[in-house]
**Q** 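Handing you a structure now.
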Amino acid sequence: KAGVTQTPRYLIKTRGQQVTLSCSPISGHRSVSWYQQTPGQGLQFLFEYFSETQRNKGNFPGRFSGRQFSNSRSEMNVSTLELGDSALYLCASNRGEGYGYTFGSGTRLTVV
Amino acid sequence: QQQVKQSPQSLIVQKGGISIINCAYENTAFDYFPWYQQFPGKGPALLIAIRPDVSEKKEGRFTISFNKSAKQFSLHIMDSQPGDSATYFCAARNSGGYQKVTFGTGTKLQVIP
C-alpha cells in the first residue's frame with residue numbers, strides 16, 4: 001500500500017519567487033492536511049482539505065494557499081517567498097474521524 | 001488554549017531504561033491524543049493514541065498514561081533501545097475542529113548503549 005507521497009523532496013528558491021508543493025494521499029483518504037515544521041516553531045498547522053473544500057486554516061498569511069482535487073491530491077502554494085518560509089512542509093492524510101494522520105516525508109524548502 | 005506543552009525538550013536514557021515524556025493541555029474539548037515518532041529525514045509516524053475515557057493504553061513497549069482531571073498525558077517507553085532514538089511529539093485534536101491537530105514542541109530522545 002503506497003504511503004503519502006510528496007514532491008519534490010527538496011527545493012531551493014529565491015526570495016520573491018513562488019512555489020507549488022504537491023501531495024498524493026493514501027488511496028481512499030479524503031482528508032489532507034498541511035503542516036510547516038521548523039526547529040524554532042515545531043509543527044504548525046497550515047490548512048486541511050476534505051472533498052476539495054478547505055475545512056480548517058491555521059494562522060498563516062494569505063501568501064500560503066492550497067487546494068485539493070477531485071482525486072484527493074492536494075497542492076499548496078506559497079507566493080512572494082521570504083527567508084522565513086524555509087522549512088520542512090509536511091502533508092498528512094487521514095481516512096476519517098477517529099484515525100491518526102499518515103505523514104509524507106515532506107518537502108524541504110530553502111529560500112535564499 | 002490550543003497549546004500542548006511538552007517536556008523535556010531532550011532526553012538521554014541508557015539502553016534498557018525507561019523513557020518518560022510528559023505533555024499538558026488546556027483545552028478540555030480535545031478528545032484524541034496521539035503520539036508521533038519522527039526520525040531524521042522522515043515525516044512523523046503515528047506511534048500510539050488514546051482517548052480521554054481511558055487512563056492507560058499499552059502497545060508493546062510503549063504506554064500512554066492519561067490523567068483527565070490534571071489535563072496531562074505521558075508516554076513511557078519501556079526497555080528503551082538505541083533504535084528508539086528519535087524525536088517524539090505529543091498531540092491533541094478537537095473533533096469539533098475536524099482534523100486540525102495541535103502538536104507539542106517535541107522531545108529529542110537519545111538512547112545510549
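Below, all heavy atoms of this structure are taken into account, side chains as well, without hydrogens, waters or symmetry copies. These figures come from a predicted structure and were not determined experimentally. Letters A, B, ... are given to chains in the order of the sequence lines, protein chains preceding strands, and every chain is numbered from 1.
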**Q** Considering only heavy atoms, which portion of A:Q37 lies under 4.5 Å from any heavy atom of chain B: side chain, backbone, both, or neither?
**A** side chain
**Q** Hey, does the side chain of B:Y36 reach the backbone of A:F103 with a donor-acceptor pair shorter than 3.5 angstrom?
**A** no
**Q** Would you say that more than 12 heavy atoms from the other residues, nucleotides or ligands in this model lie under 6.0 Å from the CD of B:Q9, or not?
**A** no
**Q** Answer with side chain, backbone, both or neither: which region of B:P44 has an atom nearer than 4.5 Å to a non-hydrogen atom of chain A?
**A** both
**Q** Please determine whether residues B:Y88 and B:Y25 belong to a single hydrophobic cluster, defined as Ile, Leu, Val, Met, Phe, Trp and Tyr linked transitively by side-chain heavy-atom distances below 4.5 Å.
**A** yes
**Q** Are more than 12 heavy atoms from other residues, nucleotides or ligands located less than 6.0 Å from atom NZ of B:K68?
**A** no
**Q** Please check if the number of heavy atoms outside A:R15 that lie under 6.0 Å from its CZ is greater than 12.
**A** no
**Q** Are A:V19 and A:F64 connected, step by step, through hydrophobic side chains (Ile, Leu, Val, Met, Phe, Trp, Tyr) whose heavy atoms are closer than 4.5 Å?
**A** yes
**Q** Is it true that B:L46 and B:F39 fall in one hydrophobic cluster, defined by side-chain heavy atoms closer than 4.5 Å?
**A** no
**Q** What residues of residues 68-93 of chain A make heavy-atom contacts with chain B at a cutoff under 4.5 angstrom?
**A** A:L88, A:L90
**Q** Suppose a student defines contact as a heavy atom less than 4.5 Å from any heavy atom of chain B. Which residues in residues 104-112 of chain A would they list?
**A** A:G104, A:S105
**Q** Looking at A:I12, I want to see if its CD1 is surrounded by more than 12 non-hydrogen atoms of other residues, nucleotides or ligands under 6.0 Å.
**A** no
**Q** Could you pull out the closest heavy-atom pair between B:V101 and A:Y101, with the gap in Å?
**A** CG2-CE1, 3.4 Å
**Q** Indicate, with yes or no, if B:V4 and B:L75 share a hydrophobic cluster defined by side-chain heavy-atom contacts under 4.5 Å among Ile, Leu, Val, Met, Phe, Trp and Tyr.
**A** yes
**Q** Hey, quick one: are B:V13 and B:L47 part of the same hydrophobic cluster, counting side-chain heavy atoms closer than 4.5 Å, chains of contacts allowed?
**A** yes
